[in-house]
Every structure is written in structure tokens, then in C-alpha cells.
Amino acid sequence: MTTDEQIALVRGDAAEKRPTVRVLAAAMAHTDCSLARLALAARTDLDHLCDGTYFAVEVGQDPQAFQRGQMFECRVKDKGYAGLIQLLREHADFPLADVRIRNLRDGALPNEEGLRLRAAETRQLLKKIINKAPDAPNIIDGAVLVCTIAGKRAYFEADGLAAATGGQIHAAEIKSFPITDGQCDGDKLGAACDQAAWYILLCRMTLIDLGLSPEAVSNQGFIILPESTGLRPTLLIQGLADRVRRASRLLDSAPKGDDIVKTSCGCQFPGEGGDPQERLETLEAMMDKVGTNYRPDCLQDCGMARLCRGRAHDLGLVTLSGSAVARYLPGVRTLDRAADLAAGVPAAASEAYSAAALMRANAIYEQVLAKGEL
Ligand code: SF4
């Protein structure tokens, strides 16, 4: 069976979700969820499969935030990218003269063919930058990078790629959430960094494909944000090496083209129409067979989160307490089992580390109780 046939079979009537960098960045948070990995490979949109049921979740970008994002991006690129150039000069040793900008969105076809042409031009421009060609751009706007996910080519549109001095290429991501006195929303900053990390990885893959050194792409990403509630842009330089490694692991772990049906364990995602109760039953059967790994941060970006949280509650899973607690308790699946181990029931070999930690914590708790300090 071809990859396209496998994808069509597993996705069934569910809506398609084309992989974008935003989708990949969100998937990075769920590399330990087999169902989310399968959905990525089968290009399936999980966000509306619970619509019409008690477990429906509101996902998607708030229209006001979208509008603010558009306005801010215009501000950064206004007057021949003056705002962006000034930021790069102030923060990243960008050359004072000889700014060469290539905007690949100008006149591009708004379809897959347009993306393909821009990807080909991005490759040529990257080659020129690395080879220090005199007409090489030092800012590429709307670069398109390519990668194969689950055996299918996908195109990814970058906000900007800035080649600063010394031939190092930096990925830049423009976001409209504010930064005030150096403080901003950590989750949003994390998501922006994940997206920039994907651009770094995809850019390196392109250079490798061209027979060029991937080292030319810096691990430092540029995140451009508005200061306070106004739209004056500022630039944060973020070290993204760990995130780039995680992105690379996700690519390696996504089911390959010829594995998609096997990974689905013979299941098919349900379509969004039809009887909601039957859809839930199909989903639950699929979750049982394929496997999920709920954590509270699923609530931020997966349309299945309320359903998975309900199932995790029913089973009393440790992951309900958050990723940090789950990391402290390797080998322990449920909170009841954690309580038993804390009370000293014999532990299996895989639980030994967690059992010792739980017993220590329990002893401290008992001491505090005995002193009446709680
Ligand atoms: S909500 Fe469920 S399906 Fe979605 S990533 Fe979390 S565990 Fe996986």
C-alpha cells in the first residue's frame, strides 16, 4: 500500500491537518503520546473529534490575537524592514550597510506550486549565503523549507531567516504577545522557541541535502516581540540547542510511511459527523489500542485533552499531577500505587527508585504530622 493510501485509510473521514511549523511545535510537547504521533503521520486533525460531546475543547487562535499579530508583523517589516534591521543591528551585529533583503512572498502563487517554487528559491539563496556570493541576501522573508514526514513531503513557511555577520544563519520568529520589563508569558515564549527550533532543524536539513555544512545555522534563535502593550519591537536571543534536538527526535519517532497502518493497530479515526456518542466509543477504542499519555499541558493544545483527562481521572494516573511529578516517579503508573509504595508495600524492580523516594517523602510527612505542624 502506498503512503497516501495508508494515510487515507487511517484518517478515514476525519479532517486533514496539514503539517505546519506550528503543528510540529505543538507535537513536540507530545512525543510520548502514540495517538498524537499517529495523527501527525496520518495528517489527522484531533482538534474537533470531540465536538458535540461533553469533552469538546475550544482550540485555535483568538481572532483578536491574530489581528494584533498581523499589525505587529507589519510594524516590524514596515518601511523596507527598518524595524527589523534596527533590531538586528542593536542585538546581533548585523552589518550597518549593504542590507540585501529577498521577500519570497512577493508575487508568489498562493498554493502548493507556489510553496514548491519558494522552497527551490530558498535552497538557492541559502547556497549563496553559505558561499558568500556578493548578491546573497542577508534577510530572507517568507523562506520555505521542506521535510518529509511519514513518507510525505511537506512545506514549511518561515517568518524570516536572518543571516547576520560571519555567515551564521539565524532563524527569526515574530510573535505579538508582549514582553514587559523582561518578563513575558513563558508558555507562549516556549512555543515561539519551539517553532524557531524547527526552522533551525529544517534549514540544517536543507544544507545537508545541498552537501553544505549544517554548522552554518546557529543554535541561537531571534524571537521578536512587542514591548509592553504598544507595538515597539524588541528582540530576544534564545539558545535553542535542546529544542532542536527534541525536534529531531520527534522527526525520527514519527511513524514512517509504510508503518502508518501498523501503528494504527487496525483502527481508523472517526469523522466529525455522525452520532457523537458512537464517535467517542470509536475514539476510546482507538486510544486503548494505540495508546496515549495524558499530561496537564495537553489542555493547552490538543482537542482530545478533556477526553484524555477524563480517562486519566478514571484510572487515577500519576500524570494527572503534572509532568514534573511523573518524572520523579518512573515506573509508577497510578496514584493509588504511589500511595501503596509510600506505605511500604513491596516494589517491583521497575518501581524501586520511586518506591525509595516515596517512602522517604512519607516518613517526612509523618514526622510533620506528629509535630502537629500541618
Ligand atoms: S490530549 Fe490525549 S491525544 Fe492529545 S496529546 Fe495528550 S494524551 Fe495525546
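The chain is numbered in sequence order, starting from 1. Note: hydrogens, waters and symmetry copies are ignored here, and every other heavy atom, side chains too, is used. In each ligand, atom 1 is the first atom listed, and ligand 1 is the first ligand listed.
Here is the list of ligand 1 atoms found below 4.0 Å of a heavy atom in N293: 7 (S).
Checking each of R204, Q168, H170 against N219 for a side-chain hydrogen bond (donor to acceptor under 3.5 Å, both in side chains) leaves exactly one that passes, namely R204.
Contact of the E173 side chain with the I224 side chain is not registered, since no non-hydrogen atoms from C-beta on lie closer than 4.5 Å.
The cationic group of R116 does not satisfy the cation-pi geometry with Y155, failing either the under 6.0 Å distance to the six-membered ring centre or the 45° limit from the ring axis.
With hydrogens and angles ignored, the 3.5 Å screen pairs a side-chain donor or acceptor of Q6 with a backbone N or O of V261.
In the model, H30 has no side-chain atom that pairs as donor or acceptor with a side-chain atom of N293 under 3.5 Å.
Note on atom 4 (Fe) of ligand 1: protein N, O or S atoms under 2.8 Å away count 1, no waters included.
Contact check on R102 versus D141 returns no salt bridge, with no Lys/Arg side-chain nitrogen under 4.0 Å from an Asp/Glu carboxylate oxygen.
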